[in-house]
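Step one of this worksheet: look at the structure below.
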Amino acid sequence: MENVNKIEKKWQDYWDKNKTFWAKNGDKRKPYYILVEFPYPSGSGLHVGHVRSYTAQDALARMMRMQGYNILYPMGWDAFGAPAEQYAIKNHIHPRDAVQENIKVFKGQMKSLGFSFDWGREFSTTDPEYYKWTQWQFLQFYKHGMAYKDTIPVNWCPTCKSVLSNEDAAGGVCERCGTQVEQKEKSQWMLRMSDYSEDLLTGLDDTNFADRVKLGQINWIGKSQGCEIDVEIVGGGKFSVFTTCPETIYGITFFVIAPDGKLIKELMPRVENKKEVEQYIKETALKSNMDRTELNKGKTGVEIKGIKAINPVNGKEVPVFLGDFVLGDYGTGAVMAVPSHDQRDFEYAQEHHLEIIKVIDCGDISEHAIEKTEYMGHDYKMINSEEFNGMLVDDAREAIANMLVEKGYGRKVNNYKMRDWIFSRQRFWGEPIPMINCPECGWVPMDEEDLPLLLPDVVEYEPTEDGESPLANITDWVNCKCPKCGHDAKRETDTMPNWAGSSWYFLRFMDPHNTKEFASMDAMKYWNRVDWYNGGMEHTARHLLYARFWVQFLYNIGLVPHKEMIWTRVSHGMVLGSDNQKMSKSKGNVINPDDIVKEYGADTLRVYEMFMGDYQMDAPWSTDSLRGCKRFLDKIERLKDKINDQEGYSEKLEVLQNKTIKKIEYDMTHMGYNTVISSLMILANAYDEAESITKDDYHLILTLLNPIAPHITEELNEQIGFKPICEDTWPVYDEEKTIENVKEIAVQVNGKVRATIEISIDDDEDLIKKKALECENVQKHIDGKEVFKIIVIKGKIVNIVVK
RNA sequence: GCGAGUAUGGCGGAAUUGGCAGACGCGCUAGACUUAGGAUCUAGUGUCCCAGACGUGCAGGUUCAACUCCUGUUACUCGCACCA
């Protein structure tokens, strides 16, 4: 074959020119929406990992198009965000220009790989026509009371000079640069995501996400069921605690409240050891700057003197402490301490020499607490718990909770780990938040007609020293009139987080050129929802949570047709370096897809990445294996020389052909891409062994291989005079022809294979038994023994049990 | 610590429902054709004390039959980590 790259270019141009893969809204074919996460167009170009998932979904898209579906397989760019901004700061160019340059590179690479994207729907989150609607949707959040400003201690990265979400600051370090995160008070836009905790949980039932994906969502939302209990303070006043273990309430020997919470501030006037308490609060604020894991060793804290609290169930007065293991922003910011049955409380009690009372008769607690996971579900009985003594723990749990409610001591509540979404970023390269601060009216939303609020051109992209967005320096832009009263006012200078634009982009693909709405209801109803969504495991949890929250909100205000707009979510494994480690420049194990395409062709790379292993698991790169795939494609090409002048399909090949079609259809829709390739190899080997093959035989294997290797198959197909595969239909298999008439099956004696017999499709059980018993080697192994039972599994195996 | 996932030849990995473990490919060995081969073809390739036995991280169990189901256990990977 002539130059592979030339042929590939020829077909890529053909698809472009004919708009072969453009989806049509409202078309009467069955719609099916396949989505891959749109990439962040970084300066380093497309990664071989992108190639893996794009090829997999591309293959599915190409097969289903041939099966008569109206396939939406779009591509776009998630181009706002820190890396582009950092790059711009370094090189003194506008991030917009840098992004445009990178998009050009990415798009060129994608085209060279022959992905069947509908390029007619391409957009970038940085296009004003797109972010206009991101801003518009923010205004809807605001107008429905879902966006609010709050001054809260936030995670602050001193290097990036930016506020980070809890998620971005996971583990106490900045996700981007690794710097220790500090705490800083800042006024931030927030979205009330916590209002949606329960809906985001129950909504999962209306999705087909993989179990591990659902579990990620569930863990992130972090629901825990328990009781909130009111605690009186001696001498007046009260506070509440949250517990998931009401059964241990008689074991309370002290309370602990959060040093960073609001409660201690309220109690301050009554505190006798103010100095000591204030000192501890200060220390805690500093501690968050340091490596937290180091501090996990001990349970620090101080007693709040002058404050005693009363256990509501038995009137017992116990001391109250400050302790940094209690978090100010979870639950009520205070806990009841039961050192006998909670390990943290136990450690705290040891450290501060406090009383330990066992309330469940479950063994020795002198070394460590016996926690819920250990005592629940066993026949342990209650002790030291007044009228509940002698009751089984599992029963006491419910009984005590009910008693608390009845007597008005508390109520049953659910708590969620998920917090509200911190929506402000002090950066330049993001969607401006369309809010105006008026000295008379306060925060006023921009008029919707005035959107988009464009990002101005600036010279400097660095955040200001005090952490304001660089936009704050552009007075022309900042100063404006209040839309409500006309008074001089100032714009919000914070921008939106990177997650904003990616939370609804899949809706825009359904109707990308709409100038009146973010997407019309008709278009969204037509496409229904994303049928098949593929992305990396890394950000599945966060991205899906934000996107689902966003969509649920839009649903609640009547703007999208479903509460969940994503049906199936699957995730692929990484492509590792040949050293089995994550590809990185520093390790020198990076494979550039361009080099591979140039040397072996796009088809070889595509086939190899599908064949390399289980799609959902990480797989190391192997250039040797890649060459094997090249050999396979060469073999396909060579088979053309075996074409005879007969019509139709070769009789000898028909069963295998039908079986192969069936298997490929199954595997393609079940992420079994590697076995799609292996069954094609088996078919090719069978063709190779045959004396000769017909033109139709050849056309068939080209069609089956086409979704994965679209260029070479089109070229060879053209050479034998067929119309382009991309305009043809997918072959239909005949179930009856997938079954062999004659088959070889194994004969076991006591579970060990001793012979094989040939059976025909219409042999009955007795005949099969007879054939099995006639085998010489079988005779040898049953000789002198009593045949106890003969098990015949039709078409599979015979097992003779002897004693 | 909690949650999830994974474990099969020298390597990547097959084995929809329990039914001949190692498909398919890589690598390797020997040979053929060759000036040459990252080309092609042929044969072979789990282990061992090779008429047979043993083999899917380890130890048990269920079954005529277990990579597959059950109980326990180990190692690694990922996610969350003082969440009351």
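Remember, it's a predicted structure, so these values are computed and weren't measured experimentally. Lettering follows sequence order; numbering is per chain, from 1. The analysis underlying the following values was restricted to heavy atoms, covering all of them including side chains, and did not include hydrogens, waters or symmetry mates.
An anti orientation is assigned to rG25(B), its glycosidic angle lying beyond 90° of 0.
In this structure, Val326(A) reaches the bases: a heavy-atom distance under 4.0 Å links it to at least one base atom across the strands shown. Here Glu744(A) lies in heavy-atom contact (under 4.0 Å) with a base. Within 4.0 Å of Tyr600(A), counting heavy atoms only, lies at least one base atom of the nucleic acid. Looking at heavy-atom distances under 4.0 Å, Asn750(A) makes no contact with the nucleic acid at all. Nucleic acid contact for Phe788(A): none, since no nucleic acid atom lies under 4.0 Å from a heavy atom of the residue. Among the heavy atoms of the strands, none lies under 4.0 Å from Asp345(A). Within 4.0 Å (heavy atoms only), Gly333(A) reaches at least one base atom of the nucleic acid. Using a 4.0 Å heavy-atom criterion, one finds that Lys662(A) contacts no nucleic acid atom at all. Gly216(A) comes within 4.0 angstrom of nothing in the nucleic acid, heavy atoms only. Ser224(A) comes within 4.0 angstrom of the backbone, heavy atoms only, and of no base. Counting non-hydrogen atoms under 4.0 angstrom, Ile682(A) reaches the backbone sugars and phosphates but no base. Residue contacts shown for Val335(A) include a base, since a base heavy atom lies under 4.0 Å away.
Side chain Asp624(A) to base rC26(B): no donor-acceptor pair is found below 3.5 Å. Side-chain atoms of Gln616(A) and base atoms of rG5(B) include no donor and acceptor less than 3.5 Å apart.
Under the Watson-Crick and G-U wobble criteria, each requiring two contacts below 3.5 Å, nucleotide rG27(B) is paired to rU45(B). Of the nucleotides present, rG79(B) is the one that pairs with rC2(B) by Watson-Crick or G-U wobble criteria, both distances under 3.5 Å. Of the nucleotides present, rG57(B) is the one that pairs with rU73(B) by Watson-Crick or G-U wobble criteria, both distances under 3.5 Å.
Taking the charged nitrogens against the carboxylate oxygens, Lys630(A) and Asp634(A) do have a contact shorter than 4.0 Å, which makes a salt bridge. Note on Lys299(A) versus Glu347(A): salt bridge recorded, some NZ/NE/NH1/NH2 to OD/OE distance being below 4.0 Å.
A gap of 15 Å separates the P atoms of rU45(B) and rG10(B), to the nearest Å. For the P atom pair drawn from rA7(B) and rG57(B), the interatomic distance equals 8 Å after rounding to whole Å.
In the displayed structure, Lys587(A) atom NZ is contacted under 6.0 Å by more than 12 heavy atoms of other residues, nucleotides or ligands. Heavy-atom neighbours of Lys635(A) NZ from other residues, nucleotides or ligands within 6.0 Å: above the threshold of 12.
For rG27(B), the OP1/OP2 oxygens have a side-chain nitrogen or oxygen of Arg631(A) closer than 4.0 Å. The shortest distance between the side-chain N/O atoms of Arg638(A) and the OP1/OP2 oxygens of rC41(B) is below 4.0 Å. Phosphate contact (OP1/OP2 of rA84(B), side-chain N/O of Tyr330(A), threshold under 4.0 Å): present. Between Asn219(A) and rC83(B), a side-chain N or O to OP1/OP2 separation shorter than 4.0 Å is absent. Residue Asn674(A) has no polar side-chain atom (N or O) positioned under 4.0 Å from OP1 or OP2 of rC24(B).
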Report task. Evaluate the side-chain hydrogen bond (donor to acceptor under 3.5 Å, both in side chains) criterion for residues Tyr600(A) and Arg627(A): first the C-alpha distance (whole Å), next the side-chain angles of each, then the deciding distance (0.1 Å), finally the verdict. Result -> CA-CA 8 Å; Tyr600(A) 298 91; Arg627(A) 288 195 193 107; 3.3 Å; yes
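Annotation: of the two residues near RNA chain B, Met336(A) and Ile793(A), the 5′-most nearest-nucleotide partner is Ile793(A).
Across all non-hydrogen atoms, the minimal contact from Ala684(A) to Phe632(A) is CB-CE1, 4.0 Å.
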